[in-house]
Protein chains: 2
Amino acid sequence: MRRIAPDRDQLLAMVAEVFREHGYEGASIALIGAATGLGKGSLYHFFPSGKEEMAGAVIAHIDGWFEENVFVPLQDASEPRVGIERMFEATDRYFRSGRRVCLIGAFALDESRDLFAKAIKSYFTRWVTHLSEALTRAGHSPAKADELAEETVGAIQGALTLARAFDDTAVFSRALQRARAALSAN
Amino acid sequence: MRRIAPDRDQLLAMVAEVFREHGYEGASIALIGAATGLGKGSLYHFFPSGKEEMAGAVIAHIDGWFEENVFVPLQDASEPRVGIERMFEATDRYFRSGRRVCLIGAFALDESRDLFAKAIKSYFTRWVTHLSEALTRAGHSPAKADELAEETVGAIQGALTLARAFDDTAVFSRALQRARAALSAN
DNA sequence: GACTCATTGTACCGATCGGTACAATATCGA
DNA sequence: TCGATATTGTACCGATCGGTACAATGAGTC
């Protein structure tokens, strides 16, 4: 009870990478063990409910990262433009300029969505909502802000797909630049 | 040698649906058999190289559909605006207003991309290229046309992700409308 | 040192994985 | 009708799946 957790963050980050690269079905316990250096004994000790709990924890971990680095900055009431720029910077950093894929977006596509539907919906809803509110504060009408926010988050997700398909990070960078420009225009 | 193939189109369409819903790894031979009503004997008779051949055939089938219904209309030299509108209509029809996911886009995200990288890249490259050329013919500068084409295809892919995440086809419809407007503006 | 309790490796489970072998059955042209 | 070929069902293969059991080890407290 004294020890908080050794490096749960790093552990979850490693597990996340396996789910990102192989998908929920493709990420076998053996692969996760190899990637983390942990045997089944350890993995099932940390995640007694098994694979589904692992994926759930990974989603929650990613969600927490976005909450802290994207959603909170977007809620900065005084300088909405600054918060929006923070979002773009964090997004570019997180997805490594398009080298990395959005695990939550990938889970949304196939049947694994059913297992995590609530978390997936919540993640994207908060992203769009907080961005929309920042845009409203920045001077857009609420309706226009909703439209722009949905368009922006969609553009980011689509750019991740195209960047992977083309194997070209420039696709992602261009999309971020276009989105920045679209949101700055008044 | 006389029989061309009984209903290969329908067969591939059914197999495609399994890959779409479960991903490459998640689509087991048993699931494919259940969805098509064919046993292993038949499946391995039609696709002797197994699962990878099935997925390859499905990708080629989808590619052919887009070639005929999207890329060819986009190449109509006389009326580029008409070709672009055809693209939007076919896209909306194919993805069933966002109820359906893009199998090729989904494959691009995880490790199954490596198996089909060439076909995936070709599919998206042709989509963007043909759209860009149509936009150039419609009066945009080649540079602007490239930008708009990449943005449009990305917006469609992103909208498919969001529509699934939100379980709301309206997200997809709105994205298509925005894209139409963006391409019509001169 | 002794007592906890967290952590780990290993053996094992039934189920399912993708794939093969092959005999039985349709379907066809001659 | 006959022979060739296309199609199918079934039994089976070794490998791997996710998960469980449990004894051995680790580290910290008293």
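Small disclaimer: the values here were computed from a predicted structure and weren't measured.
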Checklist entry - Roughly, in whole Å, what's the span from CG in B:Leu43 to P in D:dT8? => result 9 Å
Next on the checklist: With heavy-atom distances below 4.5 Å as the criterion, would you say the side chains of A:Arg8 and A:His61 are in contact?
Outcome noted: no
Checklist entry - If you check every side-chain atom of A:Lys40, which of C:dT20, C:dT8, D:dG18 has the closest atom? => result D:dG18
Next on the checklist: Let me spell it out: for each of A:Glu25 and A:Gly41, pick the nucleotide of DNA chain D with the closest heavy atom. Which residue's pick is nearer the 5' end?
Outcome noted: A:Glu25
Checklist entry - Would the number of heavy atoms belonging to other residues, nucleotides or ligands and lying under 6.0 Å from CZ of B:Arg126 be above 12? => result yes
Checklist entry - Heavy-atom count around A:Arg86 CZ within 6.0 Å, excluding the residue itself: above 12? => result no
Checklist entry - Looking at D:dT7, C:dG18, D:dT20, which one has an atom nearest to any side-chain atom of A:Tyr44? => result D:dT20
Item to check | Aromatic ring pairing B:Trp127/B:Phe124, orientation class (parallel under 30°, perpendicular over 60°, tilted between) | outcome: parallel
Checklist entry - When you look at B:Val128 and B:Asp146, which way does the side-chain contact (heavy atoms from CB on, under 4.5 Å) test go after all the steps? => result CA-CA 8 Å; B:Val128 171; B:Asp146 279 349; 5.9 Å; no
Checklist entry - Could you state the CD1-C1' distance from A:Ile29 to C:dG14, rounded to the nearest angstrom? => result 16 Å
Checklist entry - To the nearest 10 degrees, what angle separates the axes at the start and end of the helix from C:dG1-D:dC30 to C:dA30-D:dT1, five pairs each? => result 10°
Checklist entry - Whole-Å distance between D:dT7 P and B:Phe47 CZ? => result 12 Å
Next on the checklist: Expressed as a whole number of angstroms, how long is the span from B:His22:NE2 to C:dC17:C1'?
Outcome noted: 15 Å
Next on the checklist: Give me the atom names and distance for the closest heavy-atom approach of A:Ala145 to A:Ser132.
Outcome noted: CB-O, 3.3 Å
Next on the checklist: In this structure, how many angstroms lie between the C1' atom of C:dT7 and the CZ atom of A:Phe46, rounded?
Outcome noted: 7 Å
Checklist entry - Between A:Asp114 and A:Ser112, is any side-chain donor less than 3.5 angstrom from a side-chain acceptor? => result no
Checklist entry - Is any side-chain nitrogen or oxygen of B:Ser42 closer than 4.0 Å to OP1 or OP2 of D:dT7? => result no
Checklist entry - Given atom CD1 of B:Ile32 and atom C1' of C:dG19, what is their separation to the nearest angstrom? => result 13 Å
Checklist entry - Is the distance from OP1 or OP2 of D:dT8 to the nearest side-chain N or O of B:His45 less than 4.0 Å? => result no
Checklist entry - Nearest to the side chain of B:Lys51 - D:dT8, D:dT20, C:dG18? => result C:dG18
Item to check | Nearest-angstrom distance from the residue atom CZ of A:Arg8 to P of C:dT7 | outcome: 11 Å
Item to check | Integer-rounded Å distance: D:dG18 P and A:Leu115 CG | outcome: 13 Å
